[in-house]
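Everything below concerns the one structure shown next.
In this chain, residues are counted from 1 in sequence order. Here the structure is a predicted model, which means the values were calculated and not measured.
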Amino acid sequence: GRAMQYDTCAASILREVHYLYGLFGEEFDSEISCLIRRNDSPEVREQLISTYDSGTTLEKYRKINSFPGTRAAECPKTNICAYARFYDALTNEKYDVKSPDYAYMWYSGDVCVQHRHGSMVGLRMPSCRTIAYECMNGDNGDGWYSGDGALYLYTPTGFDEYSPAWWKGADKTMIPGTTVEDREREIMFFNCGWRPSRDFVGGVCLDGKYLTASMDYESFHNEIDEGRPDTGAGRSLPVYHCTLTANKSWFFFDRAILCLGSDITAKDGYTVRTIIENRALSGEEFIVADGKRIYFANGELSLSAQRIFIPHTGGFIFPNGGNIKVRFYENASVRYVSLWLDHGVNPEGEKYAYILLPNASDNETFDYNMGDIEILQNDGKIQAAKEKSSGLCGIVFRNPGEFEGISADQPMIMMLHRDESEKITSLTACNPTQRLNKLSFEINSSTNLSSNDPCISTTQKNCTTHVEITCDSARGRAFTLKA
């Protein structure tokens, strides 16, 4: 979209957040201050406490703002009360600068995020409710795949991660997480957004830390051009033929993120690929594949590796192998490396599986126990996996069915945690289509699961637990039960 500097954007957001001070108590105020301190930088300080110092008084503030034009230039949008709060937050060492571990699913926007072990991963999915991307008024004309199951990874030492410079220089047909056709796209601007027809898109968050998300993917296509010219805001949607569809799921576990794809099908005569990563390089211009370094000078090549490490990014594990491609390229004096899985021309029912280890070192990548994550099923009916060390399990029921001792009466997304004795200690489920009035499922064992949510009822009978959820007004939100 619009060219915007990170620090200016961060300062603008923090200015708005500070208005929440005093509304929810001292503990919440402290969390706001921690958030401000975690985003500290010279540029942010210049924006938030510009022209001030610790001796600022109300008289000095009035004097600074007594001349026309000086407020915007010297103390942008920061009043004397805000200054005191920002100064305290940015300079007081009692506020924790360590990022907390948490996850969140924005069910109404088909977006989720996980902060874990100092890194952040965000997932953006399109559905019949949310447009894939916006491009109008001369902005974001090449944002073709920026919302098509895009998996955005941010690490503590990452270089140019989705900054304005990255969006200008990187190959925008290679957005990490997406499954796309290898074909040229035209830069253009629309005065209306495009929504796919698929409604099975959404996810659940378990225990405030873990996620399971899934979507029935339908790539951009349009059969009729309504003929509206671009008069400034943008034109009508052009004719664009594309038959690419896929089932895609993500399992955000404790240390790793498992990415699954199935039923990848297209009939347009193009190679289809799933993009693993597309990073700007700084200093260390190489990757490591199964212990062997591959340098920028190697250009583009095919790999059969099971473990790949990218400096300042993390590790990638391919439990089932695959046709892995890597390409080094340069644009505007910045060098990049892109990594993808090649599904061939006109794939029919293809699938993939890879594990992302955010911010893992090379040793952590090559020492990772690949067997810790078990892919239980990956097809058009069910996509499911579990992480043995944490007891986490995610299940995507695209149709009613039985799996892992759970019988689902409707399509749903579910995530659960089992203790060492295999008893379920917490479970969450949602209706991603947002079209059902109720969800019901049966656990083929006795449990102590319960909830204070009036929309949830549980019944124990003959060593089974029956759960029924009223979800007619849930709009995709998840419902949680705990032991």
Side-chain angles (χ1 to χ4, degrees), residues 1-13 16 106 108-113 120-154 158-198 201 215 217-222 224-242 244 248 273-275 277-280 329 331-332 334 336 338 340:
R2 293 173 172 82
M4 180 177 287
Q5 293 300 318
Y6 267 174
D7 295 306
T8 301
C9 182
S12 299
I13 294 172
E16 302 305 317
W106 281 270
S108 59
D110 301 322
V111 176
C112 64
V113 61
M120 189 280 281
V121 182
L123 172 65
R124 169 74 170 87
M125 303 175 289
S127 72
C128 63
R129 304 173 297 270
T130 56
I131 63 174
Y133 75 106
E134 183 181 77
C135 58
M136 59 189 305
N137 298 323
D139 289 318
N140 206 35
D142 55 0
W144 311 294
Y145 307 111
S146 54
D148 278 16
L151 195 66
Y152 297 105
L153 168 63
Y154 296 83
F159 174 68
D160 249 358
E161 295 177 314
Y162 308 111
S163 68
W166 187 92
W167 286 106
K168 288 180 180 179
D171 182 350
K172 262 78 76 186
T173 66
M174 306 197 77
I175 302 295
T178 62
T179 297
V180 300
E181 290 184 329
D182 183 8
R183 60 196 289 190
E184 291 187 6
R185 293 290 298 270
E186 183 180 353
I187 295 176
M188 61 176 60
F189 311 101
F190 311 145
N191 56 20
C192 57
W194 178 81
R195 292 180 176 87
S197 63
R198 306 301 178 92
V201 181
M215 71 171 181
Y217 176 61
E218 176 184 50
S219 188
F220 172 74
H221 60 91
N222 187 54
I224 300 175
D225 187 340
E226 296 180 355
R228 294 191 303 275
D230 187 348
T231 59
R235 55 159 293 165
S236 57
L237 294 173
V239 171
Y240 187 83
H241 302 294
C242 182
L244 175 60
K248 297 170 68 72
R273 54 191 184 182
T274 295
I275 313 304
E277 192 50 271
N278 188 16
R279 307 289 286 192
Y329 65 100
N331 189 16
V334 177
Y336 301 84
S338 54
W340 70 94

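- In this structure, OG1 on T178 lies 10.0 Å from CG on L244, to the nearest 0.5 angstrom.
- Separation of atoms CZ (R228) and CG (L237) is listed at 7.5 Å; rounding is to 0.5 Å.
- Between the side chain of K172 and the backbone N or O of W167, at least one donor-acceptor pair lies under 3.5 Å.
- In this structure, CG in L151 is found 13.5 Å from CZ in R124, a value given to the nearest 0.5 Å.
- Partners of F220 under the ring pair (Phe, Tyr, Trp, His ring centres under 6.0 Å) rule, at least two apart in sequence or in another chain, are W194, Y240.
- You'll find the side chain of N140 stays beyond 4.5 Å of the side chain of F189, heavy atoms only.
- Within the 4.5 Å cutoff, no side-chain heavy atoms of P126 are placed close to those of V201.
- Rounding to the nearest 0.5 Å gives a distance of 8.5 Å between OH of Y133 and CG of D142.
- Contacts of E277 classified as side-chain hydrogen bond (donor to acceptor under 3.5 Å, both in side chains), with partners at least two apart in sequence or in another chain: none.
- Annotation: side chain of Y162 is not in contact with side chain of S146 (no heavy-atom distance under 4.5 Å).
- Between the side chain of D225 and the main chain of V239, no donor-acceptor pair closer than 3.5 Å is present.
- Proximity of F159 to W166: side-chain heavy atoms (C-beta onward) are nowhere separated by under 4.5 Å.
- T130 approaches S108 most closely through the heavy-atom pair CG2-O, 4.0 Å.
- N191 contributes a side-chain N or O that, together with a main-chain N or O of G234, makes up a donor-acceptor pair within less than 3.5 Å.
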For this session: Using the side chain to side chain contact (heavy atoms under 4.5 Å, CB included) rule, take M215 and S127 through it: C-alpha gap first, then chi angles, then the decisive distance, then the call.
Result: CA-CA 8 Å; M215 71 171 181; S127 72; over 6 Å; no
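- The side-chain heavy atoms of W340 and T179, taken from C-beta on, include no pair separated by under 4.5 Å.
- Between the side chains of N278 and Y329, at least one donor N or O lies within less than 3.5 Å of an accepting N or O.
- Residues S236 and F190 come closest through the heavy atom pair O-CD2, 4.2 Å.
- Atoms OG and NE2, on S219 and H241 in that order, are 13.5 Å from each other to the nearest 0.5 Å.
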Problem set entry | Verdict with reasoning, L153 to R279, per side chain to side chain contact (heavy atoms under 4.5 Å, CB included) | CA-CA 10 Å; L153 168 63; R279 307 289 286 192; 4.1 Å; yes
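- For the atom pair CZ of R185 and OG1 of T173, the computed distance is 10.0 Å after rounding to the nearest 0.5 Å.
- Counting only heavy atoms from C-beta outward, the side chains of R183 and C242 approach each other to under 4.5 Å.
- At least one side-chain heavy atom of W106 sits less than 4.5 Å from a side-chain heavy atom of V113.
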